[in-house]
Amino acid sequence: MDRKAFDRFYRENIDRIYRYVRFRVPDEPTAEDLVSEVFMKALAAFDRYDEGVSRSAWIYRIAHNHLANWYRDRRAHVDLDDVRDVVAGSDGRDLERFTDDHRLVAKALSALDAEERRLVTLKYLEGYEYADMAEMLGKSATALKMAAHRAIKKVRDSLK
Amino acid sequence: MTLMGLMARLKLHRLRRRFSPRPAFRRSLHARLVAEAGFSSRLVSPLERGTTGGLRRVAIGACSFALLVSGAGAYAYESPDVIDGHPLYAMKQGLETAEAAIAKTSPERAAAFHEKMLERRLKEAERIVNGRREKLIERAADERERYESERERVSLPDGQKPRLGPEIRDLVERVRQGEGTREEKRHRFKEEARKLIEKHRGEKPDRNDDNSREED
């Protein structure tokens with residue numbers, strides 16, 4: 001395993017994967033535990049990672065599946081792609097507490113439809129580049145930029 | 001882009017920053033991953049470091065020890081009652097950062113430093129409740145791993161005066177000799193540290209209820 005390649009991979013993905021998880025769990029210790037587990041899984045499978053084929057989608061998928069398992073273990077049904085759905089609460093989350101920051105995020109996204117929420121979350125909250133998002137969502141970067149621009153116009157009113 | 005659009009992006013950017021990982025977590029996870037992968041950690045001798053960096057560390061250390069001799073500094077540094085939220089906590093953290101910089105000059109000093117920080121975090125964790133205690137246990141687990149990592153690089157002399165309290169020493173030893181991956185050992189250490197703290201809290205009256213905040 002190439003140490004430099006792994007270090008680069010870690011530097012490029014740690015913050016975004018952390019935010020991906022942090023937005024979807026109620027507290028920091030839980031997020032840190034889950035992110036640690038995600039990266040341990042990525043490390044174990046790193047020999048199969050090909051930067052030329054997949055920049056961020058690979059570990060994003062690992063994180064998504066790991067988080068889905070975590071929610072399933074808590075018998076909670078959430079749409080992980082929709083942060084507002086995670087925070088708004090349904091069965092299984094009466095025992096969890098989300099922060100005011102989470103509620104602020106949900107409020108910011110309230111004016112958007114599900115697809116727009118995912119776009120704004122990936123780009124502005126989790127910090128992905130359009131190239132990465134194009135790979136993850138299967139759309140062109142240009143189309144995503146235009147859609148994000150329209151979505152931001154809606155968000156500004158809900159953040160006043 | 002309109003001004004309103006810019007403001008919306010700025011607010012989202014601020015939210016994003018609030019959900020970013022702690023630098024200490026970022027570093028400690030990387031160190032754990034490196035250890036798990038079996039990558040050799042590159043040993044950097046003091047001679048290899050830039051002189052500017054070395055002199056700066058000595059200067060920080062010298063200034064911090066000057067602070068230490070003042071009464072407030074000494075109290076902040078040593079007292080487990082100075083925890084997150086206490087007026088002197090920032091001073092305590094600053095002194096620890098300075099000492100960490102000096103400790104990096106040799107593996108022996110680094111091992112001794114992390115040993116001391118491990119004990120300190122657990123004592124602080126005894127003082128407070130719930131969410132913040134979990135953070136301190138997490139930091140104690142980080143210190144334990146750094147201590148183990150530095151200790152592997154040096155042979156500590158026989159009869160070196162142990163710094164850790166006996167129960168913490170036993171806990172560290174049990175985890176070290178136990179089976180399992182690094183992650184499993186870390187998890188086990190955290191669980192046992194919680195039990196140890198609960199045991200102590202059960203035995204002593206809580207002196208700090210008015211200083212601590214309940215998480216829930």
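Labels below follow one simple rule: chain letters A, B, ... track the order of the sequence lines, proteins then strands, and each chain is numbered from 1. Since this is a predicted model, take the numbers as computed values, not measurements. Scope of the values below: all heavy atoms of this structure, side chains included, with no hydrogens, waters or symmetry mates.
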Test side chain to side chain contact (heavy atoms under 4.5 Å, CB included), reference B:F19, set A:E126, A:E28, A:R19, output is A:R19
Original post:
Does a sphere of radius 6.0 Å around CD in B:E173 hold more than 12 heavy atoms from other residues, nucleotides or ligands, not counting ones at 6.0 Å or beyond?
Top reply: yes
To the nearest 0.5 Å, atom CG of B:L29 lies from atom OH of A:Y18 at 11.5 Å
Taken to the nearest 0.5 Å, the spacing of B:R32 CZ from A:M40 CE works out to 5.5 Å
Value for CZ (B:R16) from NZ (A:K123), rounded to nearest 0.5 Å, stands at 7.5 Å
Scored by heavy-atom pairs under 4.5 Å with chain B, the best of A:I14, A:D15, A:V120 is A:D15
Residues 184-192 of chain B vs chain A, non-hydrogen distance cutoff under 4.5 Å, contacting residues -> B:K190
In short, A:S36 meets B:F25 closest at the heavy-atom pair OG-CE1, 3.5 Å
If you tally heavy-atom pairs under 4.5 Å between each of B:R26, B:E138, B:R17 and chain A, the highest tally belongs to B:R26
In short, B:V34 meets A:D7 closest at the heavy-atom pair CG2-OD1, 4.5 Å
Applying a strict 4.5 Å limit to non-hydrogen atoms, the region of A:Y124 in contact with chain B is both
